[in-house]
Number of protein chains: 4
Amino acid sequence: MAEISITKARMIIRKALATGRELGLKPLSVVVLDAGGHVKAFEREDGASPGRFGIAHGKAYGSVMLGMAGKAQMARAEAQPFFMAAINGVYGGQVVPVPGGVLLRDKKGAVIGAVGVTGDTSDNDVIAAMAGIAAAGLTGEA
Amino acid sequence: MAEISITKARMIIRKALATGRELGLKPLSVVVLDAGGHVKAFEREDGASPGRFGIAHGKAYGSVMLGMAGKAQMARAEAQPFFMAAINGVYGGQVVPVPGGVLLRDKKGAVIGAVGVTGDTSDNDVIAAMAGIAAAGLTGEA
Amino acid sequence: MAEISITKARMIIRKALATGRELGLKPLSVVVLDAGGHVKAFEREDGASPGRFGIAHGKAYGSVMLGMAGKAQMARAEAQPFFMAAINGVYGGQVVPVPGGVLLRDKKGAVIGAVGVTGDTSDNDVIAAMAGIAAAGLTGEA
Amino acid sequence: MAEISITKARMIIRKALATGRELGLKPLSVVVLDAGGHVKAFEREDGASPGRFGIAHGKAYGSVMLGMAGKAQMARAEAQPFFMAAINGVYGGQVVPVPGGVLLRDKKGAVIGAVGVTGDTSDNDVIAAMAGIAAAGLTGEA
């Protein structure tokens, strides 16, 4: 399985948003990218600020392109700010290196895409993402 | 009503995709933007080429930003190619002036967003978009 | 098989370049992209002009992103110049819509990447690309 | 000798990748640029993340354009982050100032290109690059 299906992508988004409602989080936005970093599906809840697509996308896009999830990206950005700044030059400013970007892996461990969640704290964004990924029967690396 | 709700956006996307399946169209991608031209929801069917988000987005984005749907944009592009080229300079190259970009209007006629569909011929893209918009109880201007 | 392997990519490039030498073509440049449009391998022959990476890449990149090979892209560019200009805005100016961009398909017909060849006439570029693709046991759509 | 030949470029890439396999490094990506900073050859191993071309390229490109290899660039970035940020403005965001960008010199000391390696730690990337450069009979400055 090399591509995340639209059915799986929908399951991830629905469960991530439902988790946000259950936990009383702020309105969330969730994107699912495929293994090439291209948008498969996205939803922004009512009440979320208009620019949330770009943030959700940036969390997931950097994860795919670097093969490194949000937490590892943030650690690198804290250790070498100039490196993540340079990475953003390479990728056209499309990388948001904080938690909430989660790599999707299939059963063999291959990356098949990424999820990006934004709206509440980065830690809560991760909780919502992981709930969605579990509901779809996939493994997430946050 | 100034903002398209996520519930309505989902209805539009589901019915547009279902219409594509009923008519035997190629895999479709559908985006819904709000009244500010910002992404509300998107889905890309399995089998669609990876770059389809940008095309769906460009059809809808130009519609909102110019207040002019895809067919009118194409007419203008044919009459004055330099004008649409200049528009694309203004909007960072994000406008795709062909049918498939459809303005969403509420009952008073106010623009509340736009839908962009890509994947089959431009005419079939419009058919799918209009079916989705009708299912959501809204009025589309193609 | 969803990703073109580096072994296959090398076979394509070597045979494409060898074909250019056999036919006495000008120095060629050959890129192989994966199913997400990302560079897998590239070689530029001695004597080729320095900017050839961008042209080879642009032929292959547009093929993957649009799911449409170079000949179909050129037909569309001739019929609707403003459409291909808009597409280039969406994809950051990275699309070169002429023959020499060839889609790679696996045995089930799924796109697994693309080859881009530049250096001689577009028709000869295609001949070299197709020879390389055949040598790797894959099917090309020019 | 002002241009790195494709034969030498292949030798560098092959030995760099072989070194990575011998040392058990993560999948590597290796680019060779000519004296003008233009891509001569590139290979990305199976399993490497899709965005690795840009990083390998950025390491080598900055080396050629500044005449300063990766280690010197990193020292400058640490001492004057604003300088490397400005440099990236000048060069369109295409400079990645960390080890793994290695200048290629001929026997007289003239710069004839650069190698960029990415995939493992920056230090291991340098080891792979230097092994490839030695195998091609050239001198590297890391």
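Only heavy atoms go into these numbers, but all of them, side chains included; no hydrogens, no water, no symmetry mates. Just so it is clear: chains get the letters A, B, ... in the order the sequence lines come, proteins before strands, and each one is counted from 1. Model, not experiment: these values are computed from the prediction.
The shortest distance between side-chain heavy atoms of Ser29(B) and Phe53(B) does not fall below 4.5 Å. Within the 4.5 Å cutoff, side-chain heavy atoms of Leu104(B) are placed close to those of Ile12(B). With contacts defined as side-chain heavy-atom distances shorter than 4.5 Å, the pair Ile112(B)/Leu138(B) qualifies.
Residues of residues 68-91 of chain C having a heavy atom under 4.5 Å from any heavy atom of chain B, listed by number: Arg76(C), Gln80(C), Phe82(C), Phe83(C), Ala86(C), Ile87(C), Gly89(C), Val90(C), Tyr91(C).
In this structure, chain C has a heavy atom under 4.5 Å from the side chain of Val98(B), while its backbone stays farther away.
Taking chain C as the reference chain and counting heavy-atom pairs below 4.5 Å, the highest number among Gly62(B), Gly54(B), Gly58(B), Gly93(B) is found for Gly93(B).
One finds a salt bridge joining Arg14(C) and Glu43(C) here, because a Lys/Arg side-chain nitrogen approaches an Asp/Glu carboxylate oxygen to under 4.0 Å.
Gln94(B) pairs by the side chain to side chain donor-acceptor pair (under 3.5 Å) definition with nothing, not counting sequence neighbours.
No donor-acceptor pair under 3.5 Å is formed between the side chain of Lys40(B) and the backbone N or O of Val32(B).
Remark: the Ser49(C) side chain and the Arg52(C) side chain contain an N/O donor-acceptor pair separated by less than 3.5 Å.
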